[in-house]
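Worksheet: one structure, shown below.
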Protein chains: 2
Amino acid sequence: MKVTRAQAQANRQAVVEAAGRLFREHGVKGVGLAELMGAAGLTHGGFYKQFGSKDELVAEACGVALAAGPLKWTRIAEAAGARREAPLAALVRHYLSPAHRDHIGKGCALAGLGPDAMRHDASLRPRFEEAVRAHAEVIEHALPPSGASADDALATLSTMVGALLLARMVEDEAFSRRILDAAAARVLDPAAERTA
Amino acid sequence: MKVTRAQAQANRQAVVEAAGRLFREHGVKGVGLAELMGAAGLTHGGFYKQFGSKDELVAEACGVALAAGPLKWTRIAEAAGARREAPLAALVRHYLSPAHRDHIGKGCALAGLGPDAMRHDASLRPRFEEAVRAHAEVIEHALPPSGASADDALATLSTMVGALLLARMVEDEAFSRRILDAAAARVLDPAAERTA
DNA sequence: ATTATCTATAGATCTATAGATAATGC
DNA sequence: ATTATCTATAGATCTATAGATAATGC
């Protein structure tokens, strides 16, 4: 019933990762400790050897999930740059894709955890604030170099997060895609007017 | 212990309204039936004389809260038109205000209920879809008449909802306002570039 | 007589803890 | 000997129901 110290560390990490996924999928209050530990292949009794409380795990899972976003975005932007594609276009194609919309468990933590985790524990706000800044910074560097600004990046981030959330609320697949596409078009060329 | 039929109807309505507010503030899973009935001045035992289940109340509360949005927006747009103010400017000034950000219980149900209610019961999706369409339609009518389109309205709605949610995740008041203002500027004049 | 509401509680579930167990690590 | 994990359970809370109560409405 005991495992190596390395295995225990890996188990702990598995719990944090399962939490990040399950909290995004079902909400913090929608996942019990037993289900959570079970998803990591453990029983619920061992939980408190690894974490002080559920809230503590929530904070850690949010931290890990939020940090993954800008890392992934930077990789996408750099890969695009290497192909001589506009970095923002690559970012947006990924973020506003049906695949991202349908995989909330592995998707953007700002959209997938923010509204729920915030209600569960307002003391997480600094963590989310830092993540908003980090996400916006990646966008700012990905914007076309002409007068690009931090405010443009914040507006762009708002459009992306909002469209993802709205697309997830919608039943009709065609309408959902239209939300994603309209937001992508606005973000990639804010000046253009689009006709219905 | 019995009340008039009219009072019973008013009590029922009070429960639905309290639910709409409390679900937005604490999430569906964050409010118990006892707290809910208490907020309407009743005890929890009487709940099932009025509603078949908690899920049934969730659906009704979402319906009422979602319908209120476009109604309010239409009133704001029409009042602005009467003053010869641009309707979209009036809408945005209301939606992206610190007051709206800070009063989630009475605020936009797409932002305040959507992400949470969706997870709690996916069968609510048609209700939310209808609400997305209705909100977008008000925006479409409020857009400047030149080539305005349904896609422009969807992108604008995405920016507004996303900015409200991000502004609510942020601790620093100045940064939170900056998110709201950057989104407002983008929505009111998409073509403009903003300098930091 | 009907019924809206209340008191009381059953049954399920959730967080957290206690004590046992068995493999690691000194 | 230490400790990561397991089994078992305490205590709280939540949804839902049962039966009592008292005022309405025919």
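Throughout, a chain's letter reflects where its sequence line sits, starting with A, and its residues are numbered from 1.
OP1 and OP2 of D/dT17 both lie 4.0 Å or more from every side-chain N or O belonging to B/Tyr48. Within the structure, a side-chain polar atom (N or O) of A/Gln50 is placed less than 4.0 Å from OP1 or OP2 of D/dT5.
For A/Gln9 and B/Ser53, each mapped to the nucleotide of DNA chain D holding its nearest heavy atom, the one lying further toward the 5' end belongs to A/Gln9.
The partner of C/dA22 is D/dT3, judged by Watson-Crick or G-U wobble contacts that both fall below 3.5 Å.
Using cut-offs of 30° and 60° for the angle between ring planes, the B/Tyr95 and B/Trp73 rings count as perpendicular.
No single ILVMFWY cluster, assembled from side-chain heavy atoms under 4.5 Å apart, contains both B/Val58 and B/Ile104.
Taking the side chain of A/Leu33 as heavy atoms from C-beta on, and the options D/dA4, C/dT15, D/dT7, the nearest nucleotide is C/dT15. Distance from the side chain of B/Lys54 is smallest for D/dA16 among the nucleotides C/dC6, D/dA16, D/dT7. Side-chain proximity of B/Leu42 to the nucleotides C/dT5, D/dT9, D/dA4 is greatest for C/dT5.
In this structure, CD of A/Glu56 is placed 15 Å from P of C/dT15, rounded to the nearest angstrom.
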Is there any protein nitrogen or oxygen under 3.5 Å from a nitrogen or oxygen in nucleotides 19-26 of chain C, and what are the pairs?
| from | atom 1 | to | atom 2 | distance (Å) |
| --- | --- | --- | --- | --- |
| C/dT24 | O2 | A/Lys2 | NZ | 3.0 |
| C/dG25 | OP1 | A/Arg5 | N | 3.0 |

>> Between A/Asp55 and A/Ser53, does the side-chain hydrogen bond (donor to acceptor under 3.5 Å, both in side chains) criterion hold? Intermediate values first, please.
In response: CA-CA 5 Å; A/Asp55 280 359; A/Ser53 66; 5.4 Å; no
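Of the possible polar contacts, one joining the A/Arg24 side chain to the A/Gly20 backbone as a donor-acceptor pair under 3.5 Å is found.
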